Number of protein chains: 2
Amino acid sequence: MMKKGSVTIKDIALELGISVSTVSRALADNPLVKPATRQAVKELAKKYNYRPNFTALSLRNNRTRTIGIIIPQLVHEFFSMVIRGIEDFAYSNGYNVIISSTHESYEREVIDTKALINGRVDGLLACVSKSTTNYDHFKEFAERNLPLVFFDCICDEIDSPKVVLDDFEAGYQATQHLVETGCTQIAYVGGPINLQINQDRFGGYKKALNEAGLALNESWIKHCETGDYDDGSESVRDMVAARSIDGLFAGTDMLAIGAIKTMKKAGLQIPKDVAVVGFSNWSIGTIYEPSLTTMSQPGYEMGQKAAELLIQQIDNPDKKLTDTFTLHSELIQRESTQR
Amino acid sequence: MMKKGSVTIKDIALELGISVSTVSRALADNPLVKPATRQAVKELAKKYNYRPNFTALSLRNNRTRTIGIIIPQLVHEFFSMVIRGIEDFAYSNGYNVIISSTHESYEREVIDTKALINGRVDGLLACVSKSTTNYDHFKEFAERNLPLVFFDCICDEIDSPKVVLDDFEAGYQATQHLVETGCTQIAYVGGPINLQINQDRFGGYKKALNEAGLALNESWIKHCETGDYDDGSESVRDMVAARSIDGLFAGTDMLAIGAIKTMKKAGLQIPKDVAVVGFSNWSIGTIYEPSLTTMSQPGYEMGQKAAELLIQQIDNPDKKLTDTFTLHSELIQRESTQR
DNA sequence: TTGTAAGCGTTATCAA
DNA sequence: TTGATAACGCTTACAA
């Protein structure tokens, strides 16, 4: 039983001895209603704290004014900024938001996505999880002409608008910064290479090495499964033992910090012996010692843009958008590359 | 426009030349339906990927099978675990979840709460924000007999079930551990003292000092506005300058780490000169150097219990629950108190 | 075994 | 200026 105490327009109509349509019109400030009637209705509505039933409204209007978000993680500063950007844009355009966190699980992603196919939301913003390789659930969404926009980790197989970071450029900039810092033996440690974002960051790294005339050394390249702290500290063990590198580009800040911990333990000094650049500009990077040079990720802007594209599509279903919007990253210099 | 491509039972009925009620019954596996009919319906439903309209179902059943969560922050390891606990319990009981993050803003909390009063959710789980002092929005919720359960930061004025941590006990344990470590001049740095949780942690601190026969020194006590890193580093400046303390109980891990940074900068060694205990067991506490002794916060359990109480109330609206469930914290010893 | 019709709460169309 | 009615998609008495 949902709401015992809830008042409907029927109740108000009954008490006032008028019809529900008049009540409805009065509440909508329809100029046709007699001022006295309108006032009486509004007073009673206020007295009873009347609120229009959301479900009935949705059914009537065939729209929920709600957008869904499928996102792999919540405790993640970048995603959190994306969510804020989405929320701010959505709220100021009269939309609500439902967030589903998939915890990077494909199964959860499928369940959550399908749970939103049934008219619960007017459209969907999605960032695919690390473990996703099959996109049928998103295709089903798109096939029903439900507006869908991807952000960050996108699905290329589906023809919908996308908002991404130029990860290639960012990877290139990060590595180039290490080159400029004087590094000549630069390692790469990144997240799951099945993700396009990681392929791009890695691609930028290779391009920068290439341009600088530096050789690519396979033993200095690690693609980790998660991109977290433990992966980071594990990934550089061999390189550290071999004392072979003098620079490191890490695909996430947590990888960077994990790696730094291992290097510090082995007696290496950061940035003197090894300069390190992370990725994402997490706040821990300002707190950690040494503070971490990193690439910014404009999450708020990404969220705003994605929400804008989605709401555009919802409000204008005929004009199909399929563009990809690209945002850019900036280098944030801190101690870990200050020589 | 919500879903152009969406199929309704009407469409199926039309195509099969039968009535909607038969379709509805067939899909519900009603044994009255002739097997052949049932099969035909199911096949067509499958072919068209039919999904029952969520909104229509909600309106019909007067329940949404959705519970709302009002939570101050998302990027917060404790809250994130709470959410997981809630989600797991809710999902396995056939409920969905809507999360509203208030970003510790009272205004946002009011808006978000009121947006859920209108039949969008069958019940609400709430943790009040730091800036909230007026509880009318929650009262309105409760007055409509909408099930409501508070967790962590609760509202005493409202007669609904609550799930809390024994913050008093935890503050006591943390401080006692410092006493046992040999500290005699123990400072307290905590979050906003208008919150009950902080009053309790502070209360536990005072009790432990008292029992140990240690004096309370007003200049060693700071109630911060936010409880974040910057507050932490600011809060201990005077004490550090005076070289007056040898122990610190911080009400959050971020406060602890901010304080440690200031102390380290001033040349103090942790834990040798000052032993530090934090609160919440955030993962940064394992990464930071020195690793941080802290009090655990069983967020997952809290979320599960809160969801359980809420769903109990939803399924059984007559039996009013008003109990408070108390969970307990445990000391996690790490380097910052290892002498 | 199936169909008709009412109802969930709301708004819009038509009549009065 | 107001009221009766249909409709959104679904389920369920009640009838047939």
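Just so you know, these numbers come straight off a predicted model, no measurement behind them.
Summarising the geometry, the separation between CG on A:N53 and P on C:dC8 is reported as 12 Å, rounded to the nearest angstrom. Atom CG of A:L32 is separated from atom C1' of C:dA15 by 14 Å (rounded to the nearest Å). One interatomic measurement links the two molecules: CZ of A:R63 to C1' of D:dA7, which rounds to 18 Å at whole-angstrom precision.
Applying the 4.0 Å criterion to OP1 and OP2 of C:dT2, one finds that B:T37 has a side-chain N or O inside that range. OP1 or OP2 of C:dT11 has at least one side-chain nitrogen or oxygen of A:S24 nearer than 4.0 Å. Within the 4.0 Å cut-off from OP1 or OP2 of C:dG9, not a single side-chain nitrogen or oxygen of A:T8 is found. Taking 4.0 angstrom as the limit, A:S19 places a side-chain polar atom (N or O) nearer than this to OP1 or OP2 of D:dG3. Residue B:Y50 has no polar side-chain atom (N or O) positioned under 4.0 Å from OP1 or OP2 of D:dG9.
For C:dG9, the base has no donor-acceptor partner in the side chain of A:R51 [N/O atoms by modelled type, under 3.5 angstrom]. The base of D:dG9 lies outside donor-acceptor range of the side chain of A:R60, with no N or O pair under 3.5 Å. No hydrogens or angles were tested; on distance alone, a donor-acceptor pair under 3.5 Å links the side chain of B:S21 to the base of C:dT4.
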Please lay out, stage by stage, how A:I71 and A:I83 fare under the test side-chain contact (heavy atoms from CB on, under 4.5 Å).
CA-CA 9 Å; A:I71 203 157; A:I83 290 176; 3.9 Å; yes
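Residues A:R120 and B:T66 have side chains that bring a donor and an acceptor to within less than 3.5 angstrom of each other. No side-chain donor from either of A:S105 and A:T102 sits under 3.5 Å from a side-chain acceptor of the other.
When heavy atoms are screened at a 4.0 angstrom cut-off, B:L57 is found touching the sugar-phosphate backbone but no base atom.
Put simply, the residue from A:I69, A:L74, A:I98 that forms a side-chain contact (heavy atoms from CB on, under 4.5 Å) with B:I99 is A:L74.
Sequence order on DNA chain C of the closest nucleotides to A:A28 and B:K34 puts B:K34 first from the 5' end.
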